[in-house]
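Below: one structure, written as C-alpha cells.
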Amino acid sequence: MKNKYLVLIALSILISCGKGTKKETETGLVKAENQPNIVFILSDDQSWTDYSFMGDENIETPRIDQFAKESLTFTRSYVPTPLCSPSLATIITGLYPKDHGIIGNDKVYKRVKGDRSASKKNRAEAYKPVIAAFEKQTTLPDMLKEKGYLSFQTGKWWHGNHKVGGFDYGMTHGDPKRGGRHGDYGLKIGRTGLDTINNYVDLALKQKKPFFLWYAPFLPHRPHTPPARLYEKYKKKTDSEHLAKYWAMIEWFDETCGQLFDMFEEKGLTENTLFVYVCDNGWRQNPNKSGYMSDSKRAPYDMGIRTPIMYKLAGKIKPEMNNTTITSSIDMVPTVLDILNIEKPKNLPGVSVLDKKALEARKGIFGEVYAHDFDTIENSMYYNMAIFPPYKIIVPDPVRKPKEKVQLFNIDADPFEKNNIANENPEIVLKLKDKIKAFRSK
C-alpha cells in the first residue's frame with residue numbers, strides 16, 4: 001500500500017509561494033544533486049502521421065518539430081492499447097494493461113433508460129473497485145519519492161483522485177458527485193492557459209526540490225473548439241470543416257507545448273529537465289462528421305496505437321531521429337529510472353531507451369484491445385497484437401470477434417496495413433501466435 005500523502009494545499013497558497021529566483025534554481029536540490037526535473041507531455045487522440053515533422057503537408061507543428069530535432073526521437077513507437085484510460089495507466093506504471101488492471105474506460109455498469117443521473121451513479125459505483133485496485137500499483141511518482149521528488153498532475157487522469165497515482169498535488173479531484181470521471185478540473189489545462197503549472201513549478205523551486213510534471217491536456221481531443229484564428233487558417237486548406245477543426249486543434253496543442261517550453265526557459269530549467277513526449281492513442285478524423293475512422297481509435301491498427309516518442313535531456317541524451325527501432329510507452333518509466341540510477345522493479349517489461357543493448361536484445365512488443373466497458377480480462381478481450389519487425393500480427397478473440405480473421409502485415413513495406421499476408425505466411429503466423437501465448441501467460 002502507498003504511504004498517505006500530504007493534503008492538497010489550496011491554489012491560493014501555491015500562488016502565494018512566489019516565483020523561484022535564479023539563485024534558488026542554481027543552488028537548490030535540483031542543481032546541487034544534479035537530479036533532473038521530469039516532464040511527461042501527452043497528446044490526446046492524434047495519429048502518428050499528424051505532425052509536420054512526420055510528413056503531414058497540412059498541419060503545422062513548429063514547436064513539436066523543433067522539440068523532435070532536439071530529442072532522441074523514435075518515430076516508430078507504440079502504446080499497447082488504443083484507448084486513453086488503459087494507455088495512461090501504462091504510461092504512469094510502465095506495465096501492460098493486463099498487468100495494471102485498467103483495460104478499458106469504464107467497468108460494465110447498469111444503464112437506466114431515461115435516467116442519465118442514475119446511469120452515471122451506477123457507472124461511478126462500478127468503477128470504484130477498479131480505482132481501489134489501481135491504487136495498490138506502484139507508479140512513477142511513487143518510485144521518485146526516494147529521490148525527494150514532488151509530483152504534479154495536470155490534464156487528463158482517469159483513475160480517481162490524483163493521489164491514487166502517487167501525485168503530491170494535482171488538478172483532478174475524481175469525485176463523481178462533482179463531475180469527476182477522467183480529469184474534471186484537470187481538463188482545463190492548456191485550453192485555458194498554464195497558470196496552474198506555473199504555480200506548481202514555483203512551489204518546487206520554493207521548496208528546492210526536483211519535480212515530476214504530468215502535462216496531459218485535453219488536446220487535440222474533442223470537443224474540437226479551436227481558436228477562430230486557427231480554424232480560419234485551416235478552412236483554407238480543406239472543404240471539410242471537421243478536418244479543419246481537427247488540424248487547428250493540433251496546432252493549438254503545439255502552441256501550448258511552446259508555452260510550456262518557454263516557461264521552463266524563462267525559469268532557467270530547460271537544461272536540467274527531462275522532457276518526454278507521447279500520444280495516448282491514435283485518431284484519424286472522419287471528414288464527414290465529428291468522429292474518428294474505424295481503423296484508428298479503439299482499433300488494433302497502427303492508426304490506433306503508433307506514436308512518436310521523444311526524450312530530451314541536455315548533456316545526457318544525444319539528439320537523433322530514429323526511424324527504425326521499435327519502442328513503446330512501457331519504456332518511459334524504465335528510461336527515467338535509468339537516468340536517475342533507480343533500480344528497475346523486476347515486474348516492469350520495458351527497457352531504458354538509453355540502453356542500446358537491451359533495445360537490440362528485445363525483438364518485439366505487444367498490444368492489447370479490450371471492450372470500452374470491461375469486465376474480466378477473459379470476457380473483455382477483443383484483440384492481441386505482436387509487433388516483431390518487419391511483421392505485425394493481429395489476432396482477434398474467437399469469442400468476441402468470431403467473424404474476423406488473423407491479420408499479418410509487413411509494416412516495414414506496408415506501414416498503413418493494407419495488405420494482409422497471413423495466408424501466405426502460416427509459419428510466421430504460428431510463431432507470432434506462440435509469442436502472444438507466452439506473453440499472456442506471464
Side-chain angles (χ1 to χ4, degrees), residues 39-68 75 77 79 82-85 87-88 91 105 154-158 182-183 186-194 197 214-238 240-261 275-299 302-310 329:
V39 178
F40 278 10
I41 301 172
L42 282 64
S43 175
D44 193 342
D45 283 5
Q46 182 174 352
S47 168
W48 65 270
T49 58
D50 293 343
Y51 309 79
S52 43
F53 86 92
M54 292 294 286
D56 191 280
E57 297 180 353
N58 295 301
I59 303 167
E60 296 180 26
T61 53
R63 299 306 298 267
I64 295 176
D65 294 349
Q66 183 61 37
F67 177 58
T75 62
S77 294
V79 291
L83 192 62
C84 45
S85 182
S87 183
L88 298 182
I91 291 167
N105 277 2
T154 70
K156 206 169 190 180
W157 179 253
W158 275 87
H182 63 305
L187 301 185
K188 295 180 180 293
I189 202 70
R191 289 179 182 249
T192 59
L194 302 180
I197 291 178
W214 174 272
Y215 177 55
F218 206 39
L219 296 167
H221 195 289
R222 290 187 296 177
H224 290 165
T225 54
R229 58 183 172 80
L230 292 177
Y231 178 48
E232 292 300 322
K233 172 181 178 178
Y234 285 102
K235 276 177 62 177
K236 298 175 183 178
K237 297 187 176 188
T238 176
S240 167
E241 67 170 293
H242 304 293
L243 282 175
K245 288 179 179 179
Y246 171 63
W247 293 347
M249 292 297 292
I250 293 174
E251 184 167 348
W252 191 17
F253 168 66
D254 182 82
E255 289 181 352
T256 74
C257 291
Q259 293 163 8
L260 182 69
F261 296 145
F275 295 94
V276 186
Y277 174 90
V278 67
C279 182
D280 67 347
N281 58 253
W283 177 281
R284 188 160 72 90
Q285 179 61 46
N286 188 324
N288 300 315
K289 62 181 182 179
S290 178
Y292 55 90
M293 303 299 284
S294 61
D295 64 347
S296 57
K297 186 172 183 176
R298 299 186 62 190
D302 274 18
M303 276 294 175
I305 60 173
R306 183 173 166 182
T307 173
I309 300 182
M310 316 170 201
S329 59

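A quick note: this is a predicted structure, and the numbers were derived from the prediction, not measured.
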Subject >> Test item: T61 side-chain N/O and I64 main-chain N/O as donor-acceptor pair under 3.5 Å >> reply: no
Original post:
Would you call the rings of Y246 and H224 parallel, tilted or perpendicular if under 30° counts as parallel and over 60° as perpendicular?
Top reply: tilted
Original post:
Going by heavy atoms in the side chains, are R298 and Y292 under 4.5 Å from each other?
Top reply: yes
**OP:** State whether E255 and R229 are salt-bridged, where the test is any N-O pair (Lys NZ or Arg NE/NH1/NH2 against Asp/Glu carboxylate O) under 4.0 Å.
**Re:** yes
Original post:
Should the ring pair Y277 and F67 be called parallel, tilted or perpendicular, given that the plane angle runs from 0 to 90° and is split at 30 and 60?
Top reply: perpendicular
Subject >> Side-chain (T256) to main-chain (G190) donor-acceptor, under 3.5 angstrom >> reply: no
Original post:
Would you call D45 and R222 a salt bridge, using N to O less than 4.0 angstrom?
Top reply: no
Original post:
Counting only N and O atoms by type, is there a donor-acceptor contact under 3.5 Å from the side chain of R63 to the main-chain atoms of E251?
Top reply: no
**OP:** Report the residue from D302, V79, D280 that forms a side chain to side chain contact (heavy atoms under 4.5 Å, CB included) with T307.
**Re:** V79
Subject >> Exercise: identify the closest heavy-atom pair between P82 and A299 >> reply: CG-O, 3.2 Å
Subject >> Euclidean distance, D56 CG relative to Y51 OH, rounded to 0.5 Å >> reply: 11.0 Å
Original post:
Between CZ of F40 and CD1 of I91, what distance do you get to the nearest 0.5 Å?
Top reply: 8.0 Å
Original post:
Taking the six-membered ring for Trp, are H182 and W158 parallel (under 30°), tilted (30 to 60°) or perpendicular (over 60°)?
Top reply: tilted
**OP:** Please round to the nearest 0.5 Å and tell me the distance separating atom CD1 of I250 and atom CD of Q46.
**Re:** 4.5 Å
Subject >> Check: M249 and L219 side chains under 4.5 Å, non-hydrogen atoms >> reply: yes
Original post:
Heavy-atom distance under 4.5 Å between the side chains of L42 and L88, does that happen here?
Top reply: yes
Original post:
Quick check: does any side chain N or O of S77 sit under 3.5 Å from a backbone N or O of P308, one acting as donor and the other as acceptor?
Top reply: no
**OP:** Assess the side chains of T49 and S47: does a donor N or O sit below 3.5 Å from an acceptor N or O?
**Re:** yes
Original post:
Between I189 and P217, which heavy-atom pair has the shortest distance, and what is it?
Top reply: O-CB, 3.7 Å
**OP:** Determine the minimum heavy-atom distance between D44 and C279, stating which atoms define it.
**Re:** N-SG, 4.3 Å
Subject >> Closest heavy-atom pair and its distance - Y231, E241 >> reply: OH-CB, 3.4 Å
Original post:
Can you tell me how far the CG atom of L83 sits from the CG atom of N105, to the nearest 0.5 Å?
Top reply: 3.5 Å
**OP:** Indicate the atoms forming the closest heavy-atom contact of C84 with K156, along with that distance.
**Re:** SG-NZ, 3.4 Å
Subject >> Min side-chain heavy-atom separation E60-D254 under 4.5 Å >> reply: no
Original post:
Is the NZ atom of K233 crowded by more than 12 outside heavy atoms at less than 6.0 Å?
Top reply: yes
Original post:
Is the cationic atom of K245 (NZ for Lys, CZ for Arg) positioned less than 6.0 Å from the six-membered ring centroid of Y234 and within 45 degrees of its normal?
Top reply: no
Subject >> Value rounded to 0.5 Å, distance of CG in N286 from OG in S240 >> reply: 8.0 Å
Original post:
To the nearest 0.5 Å, what is the distance between CG (L187) and OG1 (T154)?
Top reply: 10.0 Å
Subject >> Closest non-hydrogen atom pair between W252 and T225, with its separation >> reply: CZ3-O, 3.4 Å
Original post:
Given side chains that start at C-beta, do those of P220 and W283 come closer than 4.5 Å, heavy atoms only?
Top reply: no
**OP:** With the side chain counted from C-beta on, respond yes when P223 and F218 share a heavy-atom pair under 4.5 Å apart, and no when they do not.
**Re:** yes
Original post:
Does some side-chain heavy atom of I41 sit less than 4.5 Å from a side-chain heavy atom of F261?
Top reply: yes
